[in-house]
Amino acid sequence: MSGVEQKALFDWLCRMGDNCLILGHRVSEWCGHSPVLEEDIALANTALDLIGQTQLWLGLAGEVEGAGRDADRLAYHRDAAQFRNVLLVERPNGDFGNTLMRQFLFDAWHMEMLRALQGSSDARVAEIAAKAAKEVAYHLERSADLVIRLGDGTEESHRRMQKALDLLWPYTGELFMGDAVDQAVAAAGIAPDPASLKAGWTTLVAEVMAEATLTVPTAPFQHKGGKAGRHTEALGFILADMQFLQRAYPGGVW
Amino acid sequence: MSGVEQKALFDWLCRMGDNCLILGHRVSEWCGHSPVLEEDIALANTALDLIGQTQLWLGLAGEVEGAGRDADRLAYHRDAAQFRNVLLVERPNGDFGNTLMRQFLFDAWHMEMLRALQGSSDARVAEIAAKAAKEVAYHLERSADLVIRLGDGTEESHRRMQKALDLLWPYTGELFMGDAVDQAVAAAGIAPDPASLKAGWTTLVAEVMAEATLTVPTAPFQHKGGKAGRHTEALGFILADMQFLQRAYPGGVW
Amino acid sequence: SEQERAFQDRIDRGEKIEPKEWMPEGYRKTLIRQIGQHAHSEIVGQLPEGNWITRAPTLERKAILLAKVQDEAGHGLYLYSAAETLGVSRDELLELLHNGKMKYSSIFNYPTLNWADIGTVGWLVDGAAIMNQVQLQKTSYGPYSRAMIRICKEESFHQRQGYDILLKMCLQGTAEQKEMAQDAMNRFWYPALMMFGPSDKDSVHSAQSMQWKIKINTNDELRQKFVDQTVPQAEYLGLTIPDANLKWNEEKGGYDFSEPDWDEFFEVINGNGPCNAERMEARVTAWEDGAWFRDGLMAHAKKQEARRASARMAAE
Amino acid sequence: SEQERAFQDRIDRGEKIEPKEWMPEGYRKTLIRQIGQHAHSEIVGQLPEGNWITRAPTLERKAILLAKVQDEAGHGLYLYSAAETLGVSRDELLELLHNGKMKYSSIFNYPTLNWADIGTVGWLVDGAAIMNQVQLQKTSYGPYSRAMIRICKEESFHQRQGYDILLKMCLQGTAEQKEMAQDAMNRFWYPALMMFGPSDKDSVHSAQSMQWKIKINTNDELRQKFVDQTVPQAEYLGLTIPDANLKWNEEKGGYDFSEPDWDEFFEVINGNGPCNAERMEARVTAWEDGAWFRDGLMAHAKKQEARRASARMAAE
C-alpha cells in the first residue's frame with residue numbers, strides 16, 4: 001500500500017468508526033428515558049452493537065496508521081476537528097421520533113454500505129462488514145418498522161415523524177458525497193463510491209416513507225463537512241463528556 | 001496561622017469561590033436564550049460578577065494553600081469531589097423562573113454572608129467581601145424584585161414560581177449547616193458561623209415571598225454534601241464542559 | 001380455612017405455586033408488592049448507571065455498561081411478566097410507581113458521582129442484590145422463582161464486572177483513582193447494607209413472608225452473609241470499610257459490624273434521599289413524553305387490524 | 001418633490017436628520033431595514049460566542065467573553081431604540097425576525113467549533129463590523145449615528161481582545177493550538193469578506209443609500225480596506241490566509257484577493273447555511289418559552305397600577 005492509500009484508508013476507517021461511535025453515543029443518551037421498556041432494551045442493544053463496531057473499525061484504523069494508536073486512543077484523544085463522522089449522527093436526539101428517524105436514515109445507508117463492503121478487496125474490511133451487517137440488518141428492520149408504524153399512527157405521531165424527516169433530510173446528502181479519500185479507497189477496491197449507494201438508499205427510503213404516509217422532502221440544500229472534520233457545534237459537547245475521564249486522568253488504568 | 005487553620009481557611013475559601021464559579025456557570029448557560037434582551041444583559045452581568053469574585057476567592061485560596069495553585073488551576077484542575085460549592089448552585093437551570101428563584105435564594109444568603117465578612121479578622125477576606133458586596137447588593141435587589149413581580153403576576157407565573165420555590169427549598173438548608181471547617185474559621189474570627197446568617201435570611205425570604213404571594217415550604221428535609229465534596233450528579237457534567245480545554249490541551253497557553 | 005391449610009401444606013412440602021392455582025389474597029398481594037418493587041428497581045436502577053454511559057472511560061467499559069443496563073431493563077421485563085401472572089398489568093404497576101404508591105429499592109436514590117461508583121455499584125449493590133436473589137430462586141411462586149433463576153445468572157456476571165473495574169483502579173491505577181474507589185466505598189457501604197431491609201425485629205412483613213416461602217432467609221442473615229463475603233474482597237482491593245467497629249468475631253464465625261443509620265433509611269424510603277426527586281422525575285417524564293409514541297403504535301395496530309378485517313370481508 | 005429636494009439638500013450639507021423631522025418613506029424604510037438587521041445581528045450574534053462561554057479555557061477569558069456578549073446585547077438595545085424612533089417597536093421587529101421576514105448578518109450562521117474561533121470572530125468578524133460601523137458614525141440619521149459612535153468604542157475593544165486570544169495561541173501556544181487558529185482562519189476568512197455585502201455592481205440598495213448617506217463607503221471599498229488591514233496582522237500571527245491569489249498590488253496600493261463564493265453567500269442568506277436553522281430555533285424558542293415571563297411582568301405592572309389608582313381614590 002502506498003503512503004497516500006494508507007492515509008486514505010486510515011481516514012476512511014475513521015469515518016466508519018466515528019459514525020458508529022457518535023451515533024452510539026447519541027443513542028445511549030436515551031438509556032432509562034425511553035417511552036417504553038422494550039425501547040430501553042432495543043436502544044441499549046443498538047448502542048452496544050455500534051460501540052462494538054467502533055472498536056473494530058477504529059482498531060483497524062489504528063493498525064493501518066501504524067503509529068501506536070489503538071481504538072481507545074482514537075476515540076478518546078482526538079478533538080472535534082479530527083473526527084470524521086457525518087453530521088447526521090451528531091444531530092441532537094430531539095424527541096423519540098427524531099431519534100428513530102435519524103436511526104432509520106442512517107441504518108438504510110449503513111446497510112447498503114456494509115453489503116457493498118463484504119466484497120472489499122481488503123479482507124479485514126470485508127470481515128468487519130460481514131459481522132456488522134448482521135447487526136445492522138436488525139437495526140434497519142426495527143427502525144423502518146417503527147417509522148412506518150409511527151408515520152401511519154395518530155395525527156400527532158405522523159406530525160412528529162414528518163417534522164423529524166424534514167429536519168434531518170438536509171443531513172442525509174453527505175452520506176453520498178465523495179471526495180479524494182473516497183476516490184482513493186474506491187480505486188483500490190476497498191470501498192464503494194459513496195454515490196453508488198444512493199439509488200438503493202433512495203428506493204428503500206421512498207418505500208418506507210410511502211408506507212409511513214410521510215412525504216420525502218424535495219429541497220435540494222444539503223449540509224456537509226463532517227467527513228472532513230468540519231462539524232456542527234454539537235460535537236464538542238459530546239466529546240467533552242465522552243472524553244472527560246481520559247483527559248482528566250492521564251495515565252489512569254480503567 | 002496553624003496548619004489546621006490554614007487548611008480550614010483554604011477549604012472555606014474554596015467554598016466561597018466554588019459557589020461563585022458554579023452559579024456563574026449555570027447563569028451563563030442562559031446567554032442568548034433568555035426571555036427578553038434586558039435579561040440577557042442582566043444575566044451576563046451577574047455571571048460576569050460571579051466569575052470575577054471566583055477569581056478573587058480562589059486566588060486567595062491558592063495563596064493560602066501555598067502549593068503553587070492559582071485560581072485557574074483550582075477552577076480547571078479539580079474533579080467534582082474536590083469542589084466545595086453548596087448543592088443549590090449546581091441545580092439545573094430549569095425554566096427562567098427556577099433560575100431566578102435559585103438566584104434569589106442564593107443572593108439573599110450571599111448578601112448576609114458578605115455583610116458579615118466585611119468585619120473579618122482577615123483583611124484580605126474583608127476586602128474581597130467589600131468589593132463583592134456592592135455587586136451582590138445589586139443582584140439581590142434585582143432577583144428579589146423579579147421574584148415578587150412574577151409571584152404576583154399571572155396565574156401561570158405564580159404557579160411556576162411556587163414550583164421553583166418548592167423544588168429548591170430542600171437545597172437551602174445547606175447554606176446554614178456548619179462543620180469543622182466553619183467552626184475553625186469562625187473561631188479565628190475570619191467568617192461567621194453559618195447558622196448565624198439564618199435569621200436574617202429567613203426574614204428577608206419571608207418578606208419577599210409574602211409580597212410575591214408565594215408560600216414558604218415547611219417540609220423539614222434538607223439536602224447536604226456539597227460543602228464536603230459530595231455533590232449531585234449534575235456537577236460532573238458541568239465540569240466536563242468547563243474544564244475540557246484545560247484537560248485536553250495540557251501545556252496550552254490561552 | 002381448609003384451603004389455606006392445604007396451601008400452606010403444599011408450600012411446606014416445597015411445591016411451587018402456579019398462576020392459575022388458588023392462593024390466599026395476602027400471598028398474592030405480598031407477591032405483587034415484592035415482585036413489583038423488584039421490577040421497578042430494575043428500571044429505576046438504569047438511571048444511576050446510565051448516568052456514566054456517555055462518560056465511560058474506554059470503549060470496552062462503555063460496551064460492558066451498556067450490556068449491563070440492557071440486562072437490567074430485561075430483568076424488569078421478566079419481573080413485570082411474573083407480576084402479570086398474578087393479575088396486575090405492567091401499566092397498572094407503573095402507574096403505582098409514578099404516583100408514589102409503590103417503591104423501588106432505595107439504593108437507587110443515591111447518586112453515582114465518579115467512575116469508581118460504577119464499579120462499586122456492580123460489586124456491592126449487585127452483590128447485595130444477588131445475595132437476596134439467590135435465595136429467591138427457591139421462592140414458592142413458580143413464575144417468580146423461574147424469573148430469579150434467569151436473573152441470578154446475569155447478575156453474578158455484573159458483580160464480577162463491577163469488581164473488575166475496582167481491581168483495575170485499585171491495583172493498577174493511579175493514586176487519584178484509588179481515592180475515587182475509597183470515596184465510592186465510603187458512600188455506598190451503608191446504603192448497600194440497608195438493601196437487606198431493617199433488622200428482623202423491626203421488619204413488618206418478614207414472618208409471614210418466610211412462612212409462605214416468599215422469602216427464604218431473614219434480613220439479618222443475608223446482611224451478615226454479605227458482610228462476611230465482602231470484607232476480604234475489600235481487603236484485597238486495599239479499600240477501608242468505613243466502620244470502626246468492623247471486627248472478626250471468632251465465636252460466631254463472622255464479622256461484627258455497625259448497623260446502618262436506619263433513620264436515614266426510612267427518610268430515603270419516604271422520599272428524602274439525595275436523588276428521589278430526580279429519579280421519579282426522570283421516570284415520569286420519560287413516561288409522559290413517550291405517550292404519543294405508545295399511542296401512535298396502538299393506533300397503527302388498530303388500523304392494521306381494521307385493514308385486515310376489511311380485506312377478509314372483501315375476500316369473502 | 002420640493003420636500004424631497006430640500007431633504008436631499010440637508011443631507012448634502014451634512015446635517016443630521018432627527019426623529020420628528022420629515023423624511024421620505026424610502027429613507028425611513030431603508031433605515032428600519034438596516035438598523036433592524038443590525039440589531040438582530042447583535043442578538044443572534046450572542047449565540048455563536050455564547051456557545052463557548054461555559055468552555056472558556058481560563059477564568060479571565062470567560063469574564064472577557066461574558067463582558068463581550070453582554071455588550072452585544074447592549075448594542076442590540078441601542079439599535080432597537082434607534083429603530084423605535086422611526087416608528088417601529090422592538091416587538092414588531094422581533095416578530096419579523098422570527099417569521100423570517102427580516103435577516104441578520106449571515107456570518108452568524110457559521111458555527112464556532114474551537115476556541116480559536118472565538119479569537120477569530122473577535123478579530124475578523126468584529127474587525128469587519130467595525131470597518132462598516134466606523135463609516136456609519138457619519139450616517140445622516142441622528143439616532144443611528146449616535147448609536148454607532150457608542151458601539152464603535154466597544155467594538156474596537158472586542159477586536160483587540162479577539163486578536164489577543166490568537167496572539168497567545170499562535171505565538172506562545174502549542175502546535176495543536178496553532179493548528180486550531182489556522183483551522184479557524186480557513187473557515188472564517190471568506191465569510192468575513194462576505195460581511196461587506198455583494199460587489200457594488202451587484203448590490204441592489206447601494207446607490208440610493210449612499211446618496212442618502214445611510215451608507216458612506218461602498219461595499220468594495222470597505223472590503224479592500226479590511227483585507228489591507230488584515231493581511232499584515234495574519235502575517236504577524238503566522239497564519240496563512242486561504243487565498244492563493246492574495247498578492248500585494250503596488251500600483252493600486254492594496255492587495256489583490258479572491259472574491260468569496262457569492263453563491264454560498266446567497267444560499268446562506270436564504271436559509272441554507274450551516275447554522276441558520278439552529279440560530280432561528282434558538283431565538284424563537286427563547287422568545288416562546290419566555291412568553292409567560294413577559295406576561296407575568298406585564299400583569300404585575302397592571303396590578304400595581306390598579307393598586308395605586310385605588311389608593312389614590314381612597315385618599316381623595
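Quick note on labels: first sequence line is chain A, next is B, and so on, each numbered from 1. As the structure is a computational prediction, the values presented were derived from the model and not from experiment.
- Each of Ile148(A), Ile238(A), Asp40(A), Thr54(A) has some count of heavy-atom pairs under 4.5 Å with chain C, and the biggest count is that of Asp40(A).
- Chain C forms the most heavy-atom pairs under 4.5 Å with one residue out of Val36(A), Ile41(A), Leu21(A), and that residue is Ile41(A).
- Formation of a donor-acceptor pair under 3.5 Å by the Asp166(A) side chain with backbone atoms of Pro217(A) is not found in this model.
- Salt-bridge formation is not detected for the pair Lys163(A)/Asp95(A): no Lys NZ or Arg NE/NH1/NH2 atom is positioned less than 4.0 Å from an Asp or Glu carboxylate oxygen.
- Of all the listed residues (Gly52(A), Gly24(A), Gly251(A), Cys31(A)), the one sharing the greatest number of non-hydrogen pairs under 4.5 Å with chain C is Cys31(A).
- For chain A, no part of Asp289(C) is nearby; none of its heavy atoms comes within less than 4.5 Å.
- Ranked by heavy-atom pairs shorter than 4.5 Å toward chain A, the options Lys168(C), Gln172(C), Gln177(C) are led by Gln177(C).
- Most heavy-atom pairs under 4.5 Å with chain C: of the set Glu156(A), Gln246(A), Glu155(A), this distinction falls to Gln246(A).
- Looking at Thr112(C), its side chain never comes within 3.5 Å of a backbone N or O of Ile118(C) through a donor-acceptor pair.
- A donor and an acceptor atom, one from each side chain of Arg187(C) and Tyr110(C), are nowhere located under 3.5 Å apart.
- Judged by the 6.0 Å distance and 45° axis criteria, Arg279(C) is not positioned over the aromatic ring of Phe108(C).
- The choice from Gly290(C), Ala67(C), Ala73(C) that makes the most heavy-atom pairs within less than 4.5 Å of chain A is Ala73(C).
- For Phe96(A), the parts sitting under 4.5 Å from any heavy atom of chain C are the backbone and the side chain alike.
- Using modelled atom types, one finds a donor on one side chain and an acceptor on the other under 3.5 Å when comparing Arg307(C) with Gln304(C).
- The backbone N or O of Pro92(A) lies less than 3.5 Å from a partner atom in the side chain of Asn98(A), making a donor-acceptor pair.
- At a 4.5 Å heavy-atom cutoff, Leu43(A) makes no contact with chain C through either its backbone or its side chain.
- For the pair Arg91(A) and Tyr171(A), the cation-pi test (distance below 6.0 Å, angle within 45°) is passed.
- Looking at Leu50(A), neither its backbone nor its side chain comes within 4.5 Å of chain C, counting heavy atoms on both sides.
- Across Gln55(A), Met242(A), Gln243(A), Arg160(A), the residue that shares the most heavy-atom pairs under 4.5 angstrom with chain C is Arg160(A).
- Between Glu42(C) and Tyr78(C), the side chains place no donor N or O within less than 3.5 Å of an acceptor N or O (distance only, hydrogens not considered).
- Comparing Glu72(C), Arg294(C), Glu288(C) by how many heavy-atom pairs each has under 4.5 Å with chain A, the most go to Arg294(C).
- Contacts of Glu84(C) classified as salt bridge (Lys or Arg N to Asp or Glu O under 4.0 Å), with partners at least two apart in sequence or in another chain: none.
- Inspection of non-hydrogen atoms places Ile43(C), Gln46(C), Leu47(C), Gly50(C), Trp52(C), Ile53(C), Thr54(C), Arg55(C), Ala56(C), Pro57(C), Thr58(C), Leu59(C), Glu60(C), Arg61(C), Lys62(C) of residues 43-62 of chain C under 4.5 Å from chain A.
- Between the side chain of Gln159(C) and the backbone N or O of Trp123(C) there is at least one donor-acceptor pair closer than 3.5 Å.
- Arg69(A) places no side-chain N or O within donor-acceptor distance of the main-chain N or O of Gly66(A), the cut-off being under 3.5 Å.
- Heavy-atom pairs under 4.5 Å with chain A peak, among Val69(C), Asp71(C), Leu77(C), at Leu77(C).
- For the salt bridge (Lys or Arg N to Asp or Glu O under 4.0 Å) test, residues two or more places apart in sequence or in another chain that qualify with Lys303(C) are Asp152(A).
- The side-chain contact (heavy atoms from CB on, under 4.5 Å) check on Gln182(C) picks up Met185(C), Asn186(C), Leu239(C), Thr240(C), with sequence neighbours excluded.
- For Glu39(A), the part sitting under 4.5 Å from any heavy atom of chain C is the side chain, from C-beta outward, and nothing else.
- There is no contact between Arg26(A) and chain C, counting heavy-atom distances below 4.5 Å.
- For Ala75(A), the part lying under 4.5 angstrom from a heavy atom of chain C is the side chain only.
- The greatest number of non-hydrogen atom pairs below 4.5 Å with chain C, out of Ala44(A), Ala42(A), Ser28(A), Gly151(A), is found for Ala44(A).
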